[in-house]
Asks: 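Pasting a structure below so you can have a look.
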Amino acid sequence: MRAFEGQISGNRPISRSTEEKKRQLRELKDALAALKPQAAASLRASLTAKIKALETELAPRK
């Protein structure tokens, strides 16, 4: 099914508030800590990359 003009579709990033970003960061850190040692390295790397991206977004700007 094709999107029509003005429709909210999946190709736009989700805008989140600062509180939502902090909550997501906390959840990602918990998920990374809960990973078992045999978890795929790519999964671990993607979680780490997302955590770093959120931390840079939330870092105070100078």
Asks: What is the distance from atom CG of Leu28 to atom CG of Leu54, rounded to the nearest 0.5 Å?
Replies: 6.5 Å
Asks: To the nearest 0.5 Å, what is the distance between CG (Leu35) and CG (Asp30)?
Replies: 11.0 Å
Asks: List for me each residue that meets side-chain contact (heavy atoms from CB on, under 4.5 Å) alongside Thr18, sequence neighbours excluded, and say none if there are none.
Replies: Lys22, Leu58
Asks: Going from CD on Glu57 to CG on Leu25, what distance comes out if it is rounded to the nearest 0.5 angstrom?
Replies: 10.0 Å
Asks: Should the pair Lys29-Glu55 be classified as a salt bridge under the 4.0 Å nitrogen-to-oxygen rule?
Replies: yes
Asks: According to side-chain contact (heavy atoms from CB on, under 4.5 Å), who are the partners of Ala53, at least two apart in sequence or on a separate chain?
Replies: none
Asks: Considering all heavy atoms of both residues, which atom of Gln24 and which atom of Lys50 are nearest to each other, and what is their separation?
Replies: NE2-CE, 3.9 Å
Asks: Who passes side-chain contact (heavy atoms from CB on, under 4.5 Å) against Glu20, sequence neighbours left out?
Replies: Arg16, Ser17, Arg23
Asks: To the nearest 0.5 Å, how far apart are OG1 in Thr48 and CG in Leu43?
Replies: 9.0 Å
